[in-house]
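Numbers restart at 1 for each chain; the letters A, B, ... are given by sequence-line order, proteins then strands.
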There are 2 protein chains.
Amino acid sequence: MAVTIKDIAKKAGVSHTTVSRALNDHPAISKETVGRIKLLAEELDYVPSAAARGLKTNRSLVLGVIVHRIEDPFLTDVLRGIEDTLNPSEYSLFLAATKRDPEREKRVIQAMAERRVDGIIFSSLYIGVQQLRYLKQIDIPIVLINNQTMQDPDVYLVYHQDVEATRQLTQHLVDLGHRKIAYLGSARSGRTNVKRQQGYEEGLEKAGLPLCPEYIISGTTSRPENGINGMNGLLALADPPTAVICYNDMIAIGAIKAITQAGLSVPHDISVAGFDNIDLAQYVTPPLTTFHQPRYQLGQEAAKMILHILQQDKGAQRPDAVVLHGELIIRQSTVSPH
Amino acid sequence: MAVTIKDIAKKAGVSHTTVSRALNDHPAISKETVGRIKLLAEELDYVPSAAARGLKTNRSLVLGVIVHRIEDPFLTDVLRGIEDTLNPSEYSLFLAATKRDPEREKRVIQAMAERRVDGIIFSSLYIGVQQLRYLKQIDIPIVLINNQTMQDPDVYLVYHQDVEATRQLTQHLVDLGHRKIAYLGSARSGRTNVKRQQGYEEGLEKAGLPLCPEYIISGTTSRPENGINGMNGLLALADPPTAVICYNDMIAIGAIKAITQAGLSVPHDISVAGFDNIDLAQYVTPPLTTFHQPRYQLGQEAAKMILHILQQDKGAQRPDAVVLHGELIIRQSTVSPH
DNA sequence: ACGTTTTCTGCACACGTTTGCACGAACTTT
DNA sequence: AAAGTTCGTGCAAACGTGTGCAGAAAACGT
């Protein structure tokens, strides 16, 4: 149905070979022929078939992006960074979510493999080891975002320096005069949570403050309900903290809600800090002190990295990790203790 | 490099034709041969080439999804609905964003056309008419989400009943006793905004309340800043409203902020209602009364619709529109006026 | 005038599948 | 025992491109 280069060839009175070359600006075709054929192609509404081209060239011009949950606002921005970077290029983007479901992960990777994607960006915390092995055996570049699990030479990394971030947050609270600082974590968030907690502990140590086990709460999820529960636990302590650092902004919002419901005020009675600087962090009351993780840039760097790798000869060595640093954002949810 | 059916054929001592048929469970191949070949394929890590198959079958098993902005939380949920529906099927998903940029829109559609997607789901309010014409000339189903712009027989629609929604919201405020109700719109949101404003006006009319022009503010964007600006305008009126219906939750959050900054309280002095029921609507203070638009289902229905169309014979007639109804969610940002 | 180089174009095959048709073998029917 | 039927398999062509090689035509140098 669709018009092919053969149709154009017939109409132009040349061979389909010449048409193919003309459309690809092959130097051996005369300027005049190229112009004539391109014009004709335009007139006939010719659209090249990526399938046929891919079959011949062994390049699909498609990148796979695998995330955990699409609705995660963090991933949303990462995705945007990727999309913006890819859009001007000739690459398109396959998207799929795994949802921590091994069955689904397997299907997704299978689909990407069949489509012969030229590269994969992974932004899911949980990768089945066998699936990764399967991926590696296809010879395409793999970039992992915020996942330092793998110490694998074939895998490229782009991640944010979380340890330093929570260290800065802790420092900020210490500078305000707080001495009783708690950490509200998310056990399901794996390595990321570990890193943030580590930064918190290092921050305390640097300030010469003691590490108090009951000030460290490991909630399960990273959702607001978890902030409510965790905060209620802290409030029930004999000697509650005067400041709380949360694993992320969602939890912080939950924590604020719990504090308010207990009849206390943020930041007057307790200071609360989040992490991620989600869009709405500035609109909640009080506006949230948080750490801005460069989500968009994470996606951007991951995409750039893969494009570089693909444009390079396979031989050339590339840096196999990019570390990004975020920014402490001080708003009104943190003040000096009274 | 990759192993092909010919490799399997050689190893199995049959023709590649037989291998192809065996892998596709063609009835004319003996059970025994099928089993043997499938086992062999597994052993050799055979992965079929979607490009080659697509070339032959004229089906790519890919659906294109075109959105306006990926980071829009509304679209995020729509996307999730689509992805969840597509995932168990054999279809994969191309994602691209247009950003109201005609240049970009053109590129995106061109890419989808080259990839020969089997269908397209459009969830961008702004579609260039020429681009749509271009799309229609390829013979693939097109589903538009929340966009009733087109009255086109070749285009399928899935949308939310916005008029009824704001009518209900208005009714709710009237029931509470409000008589001075304002509407804070978003001019750039096109038809959606028109529909919501229409529902507001119908609600007033039904309650026998007068339509007061200065209570209708048409801000530009749909972001919180716009809510701040618009609300400040309303507060400056000689006779400010006692309740405000906002185009969406983002604007409502902005409006609350403006009211609070003016030294007034929500809902005590002014009631505020949003629209969309975004994730955080329940966590802001006070928790937001809003209208829950079934975002996830919108995506789900769109994807289901396209899958049905593709599985059906082309001839069979399908309903070409699905209308979904949402749900009024009453929280604490709306109370009776004092 | 000829041979040589340069410029342009076409032939034919390849990429990895699917599929209509034909063919041989085994099995059933008369 | 011949004819018809079913079953399982292979041949070859096709899908729409890209590309090495050869070859024709034109331009050049002597």
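Here B:Asp162 does not pair with B:Arg191 in a salt bridge; the nearest charged N to carboxylate O distance is not below 4.0 Å. Electrostatic pairing of A:Asp77 and A:Arg80 counts as a salt bridge here, judged by a charged N lying under 4.0 Å from a carboxylate O.
Between the CG atom of B:Leu61 and the P atom of C:dT17 there is a distance of 14 Å, given to the nearest Å. Here the P atom of nucleotide C:dC15 and the CG atom of A:Asn58 are 10 Å apart, to the nearest Å. Atom pair B:Ile8:CD1 and D:dG10:P shows a separation of 14 Å (rounding to whole Å applied). In this structure, A:Leu23 atom CG and D:dG16 atom P are separated by 15 Å, rounded to whole Å. For B:Asn24 and D:dT9, the CG to P distance is 15 Å, given to the nearest whole Å. Look at CD on A:Glu114: it is 15 Å from P on C:dG16, rounded to the nearest Å. The CZ atom of A:Arg53 sits 18 Å away from the P atom of C:dG16 (whole-angstrom rounding). A:Arg59 has its CZ atom 22 Å from the P atom of D:dG16, to the nearest Å.
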Side-chain donor/acceptor pairs under 3.5 Å, residues 33-42 of chain A, sequence neighbours excluded:
| unit_1 | atom_1 | unit_2 | atom_2 | d |
| --- | --- | --- | --- | --- |
| A:Thr33 | OG1 | A:Ser30 | OG | 2.5 |
| A:Arg36 | NH1 | A:Ala12 | O | 3.2 |
| A:Lys38 | NZ | A:Asp25 | OD1 | 3.0 |
| A:Lys38 | NZ | A:Asp25 | OD2 | 3.3 |

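The ring pair (Phe, Tyr, Trp, His ring centres under 6.0 Å) test applied to B:Tyr296 returns no partner, not counting sequence neighbours.
Side-chain contact between B:Asn87 and A:Val108 is present, with heavy atoms from C-beta onward closer than 4.5 Å.
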Could you run down nucleotides 7-14 of chain C 5' to 3' and tag each one B, S or - for protein heavy-atom contact under 4.0 Å?
-BBBBB-B
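For the pairing with A:Tyr156, the side chain to side chain contact (heavy atoms under 4.5 Å, CB included) check across A:Val143, A:Val322, A:Ile121 returns one residue only, A:Val143.
Using a 4.0 Å cut-off, no side-chain N or O of A:Ser49 falls inside it from OP1 or OP2 of D:dT17.
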